[in-house]
Amino acid sequence: MKQMIQVQQKLVPDLIDKMYRRYSVLMTIQKLQPVGRRTLSEALKLTERVLRSETDLLKMQGLILVKSTGMTLTSEGIGVVSNLSEYFNQYSDYHHLARLIKQQYDIKEVHVIPGDSDVDENVKAEIGRVAGQSLEKQLYENAIVSVTGGSTMVSVSEAMTPLPFDVLFVPARGGLGENVIYQANTICSSMAKHTNGSYTTLYVPEQVSEKTYHSLLREPSVVQTLNRMKESQFIIHGIGDALKMAKRRQSSKEVVEKLQHHHATGEAFGYYFDQEGNIVHKVKTIGIQLEEIQSKQHIFAVAGGTSKGHAIQAYLKIAPKHTILITDEAAAKIITQK
């Protein structure tokens, strides 16, 4: 059943969402019948206008009866609910996890993809597709998007599609010394190519000494890119496991020991934080800073897998409230643990 849901989400994601909403309407009517539209609207947290559209369709299909005393299911409606219950009980688990995360961390929106991206590359690809689609829905002419690096961001870039207007993609940090495919510059180029947009680059090391940091900040090309970052309305970023990120940065033994001593769990934008969201270490980076994220109108955090569950959980304790999280089932189960 889970595999079938994954396949259908790839082929007809919007259709499944619509089916689930109508199934929820039928289920709630069955539970509360006879029920009026206002009570049903409150129970489902749908506007009366949206609910009216759905119930009109269900009535036309002969699945509900609408009387002065309220709405009830027809025998055919009862049959539809029964036939779909097993399917949507599985599907609703992901919606339930998404709602739990949204409520627990008070963030704007959450999407949970079935599976574990640590063991299934198809799940990572689906995370990328949903993240790319969610981002594209909100983009507009001359929007500026700041982008971090990482393998998950590669999946996002590969899932993006041509847009009818120009968008500028800007790297949110310098190079990490990692595989060039995973660097923010490369991902910005890929996003621009897939959307018919444009991009800029930041050819500097992500982690530099104090002297080099101030020297680079005087370089015109660096200043221009940093200004574009500040102007960006959108940011899409990953979340890293603290010790793995320290290793990728080739951090000193002293830094690694510090992270271990303070039980560092997650990393984002060069900041390392513990399970409670307390910042325990910061690297000197050229790029967007954690405190600058709050000013962005649209924030997309994209990460998944069992290995990142605790890192995501820790980050959400300091994440801006208007964050949209795209993750997977394996990470979501860890995130929702108290």
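Throughout, numbering of the chain's residues begins at 1 and tracks the sequence.
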Asker: List the atom of Ser251, the atom of Tyr272, and the distance in Å for their closest heavy-atom pair.
Answerer: OG-OH, 4.4 Å

Asker: Would Ile64 and Val80 show up in the same hydrophobic cluster when neighbours are defined by side-chain heavy atoms closer than 4.5 Å?
Answerer: yes

Asker: Treating Ile, Leu, Val, Met, Phe, Trp and Tyr as nodes and any side-chain heavy-atom pair under 4.5 angstrom as an edge, say whether Val223 and Leu226 lie in one connected cluster.
Answerer: no

Asker: In this structure, would Leu163 and Tyr199 fall into the same cluster of hydrophobic residues linked by side-chain contacts under 4.5 Å?
Answerer: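 Yes, because Leu163 and Tyr199 connect within a single hydrophobic cluster, where side-chain heavy atoms sit under 4.5 Å apart.
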
Asker: Is a donor from one side chain sitting under 3.5 angstrom from an acceptor on the other, for Thr195 and Glu136?
Answerer: no

Asker: Verify the distance criterion only: is there a donor paired with an acceptor across the side chains of Gln183 and Tyr203 at less than 3.5 Å?
Answerer: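 No - no donor-acceptor pair under 3.5 Å links their side chains.
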
Asker: Specify the closest pair of heavy atoms between Ala43 and Leu32, including all atoms of both residues, with the distance to one decimal.
Answerer: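 Where Ala43 meets Leu32 most closely, the heavy atoms are CB-CD1, 4.1 Å.
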
Asker: Any link between Leu100 and Leu325 through a network of hydrophobic side chains (Ile, Leu, Val, Met, Phe, Trp, Tyr) touching at under 4.5 Å?
Answerer: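 Shared cluster, no.
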
Asker: Report yes if some heavy atom in the side chain of Glu141 is under 4.5 Å from a heavy atom in the side chain of Asp166; otherwise report no.
Answerer: yes

Asker: Do the side-chain N and O atoms of Asp274 and Thr265 include a donor-acceptor pair separated by under 3.5 angstrom?
Answerer: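 Absent: no donor and acceptor within the cut-off.
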
Asker: To the nearest 0.5 angstrom, please state how far the CD1 atom of Ile144 sits from the CZ atom of Arg228.
Answerer: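 Answer rounded to 0.5 Å: 5.5 Å.
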
Asker: What is the minimum heavy-atom distance between Pro162 and Asn196, and which atoms define it?
Answerer: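 In this case the closest contact between Pro162 and Asn196 is CB-ND2, 3.5 Å.
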
Asker: Out of curiosity, His263 NE2 to Leu243 CG, how far, rounded to the nearest 0.5 Å?
Answerer: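 The NE2 atom of His263 sits 11.5 Å away from the CG atom of Leu243.
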
Asker: State which residue, out of Ile29, Thr72, Leu65, fulfils the side-chain contact (heavy atoms from CB on, under 4.5 Å) condition with Pro34.
Answerer: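 Only match with Pro34 under side-chain contact (heavy atoms from CB on, under 4.5 Å): Thr72.
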
Asker: Working note: Tyr140 + Phe234, criterion ring pair (Phe, Tyr, Trp, His ring centres under 6.0 Å); need CA distance, chi angles, decisive distance, verdict.
Answerer: CA-CA 11 Å; Tyr140 46 80; Phe234 296 79; 5.7 Å; yes

Asker: Compute whether any side-chain donor of one residue and acceptor of the other, for Lys317 and Gln275, lie under 3.5 angstrom apart.
Answerer: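 No, no side-chain donor-acceptor pair sits under 3.5 Å.
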
Asker: Ring-plane angle category for His237 and Tyr315, please: parallel below 30°, perpendicular beyond 60°, tilted otherwise.
Answerer: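 Aromatic pair His237/Tyr315 classed perpendicular.
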
Asker: Does Thr327 reach the side chain of Ile113, with side-chain heavy atoms less than 4.5 Å apart?
Answerer: no

Asker: For a 4.5 angstrom cut-off between non-hydrogen side-chain atoms, does Asn185 reach Arg173?
Answerer: no

Asker: Given the rule that I, L, V, M, F, W and Y join up when any side-chain heavy atoms are under 4.5 Å apart, are Ile318 and Tyr105 in one cluster?
Answerer: yes

Asker: Just checking, is any N or O donor in the side chain of Asp116 or Thr306 under 3.5 Å from an acceptor N or O on the other one?
Answerer: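 On atom types as modelled, these side chains qualify, holding a pair under 3.5 Å.
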
Asker: Kindly give the heavy-atom pair with the smallest separation between Lys102 and Val110, and that separation in Å.
Answerer: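 Answer, listing the atom of Lys102 first, then Val110: N-CG2, 3.8 Å.
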
Asker: Are Val145 and Gln233 close enough that some pair of their side-chain heavy atoms sits under 4.5 Å apart?
Answerer: no

Asker: Taking all non-hydrogen atoms of both residues into account, name the closest pair between Ile288 and Ser146 and its distance.
Answerer: CD1-OG, 4.3 Å

Asker: Report yes if the side chains of Phe169 and Ile236 come closer than 4.5 Å at any heavy-atom pair, otherwise no.
Answerer: no

Asker: Please report the closest heavy-atom contact between Ile335 and Gln104, naming both atoms and the distance.
Answerer: O-NE2, 3.9 Å

Asker: So, do Lys108 and Thr323 sit near enough that their side-chain heavy atoms are less than 4.5 Å apart?
Answerer: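 Not touching, per the 4.5 Å side-chain cut-off.
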
Asker: Pro171 and side-chain contact (heavy atoms from CB on, under 4.5 Å): which partner among Ile187, Thr200, Val147, Thr186?
Answerer: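 Going through Ile187, Thr200, Val147, Thr186 one by one, the side-chain contact (heavy atoms from CB on, under 4.5 Å) with Pro171 is satisfied by Thr200 alone.
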
Asker: For Glu54, run the salt bridge (charged side-chain N to carboxylate O under 4.0 Å, His left out) check against Lys18, Arg37, Arg22 and tell me which one passes.
Answerer: Arg22

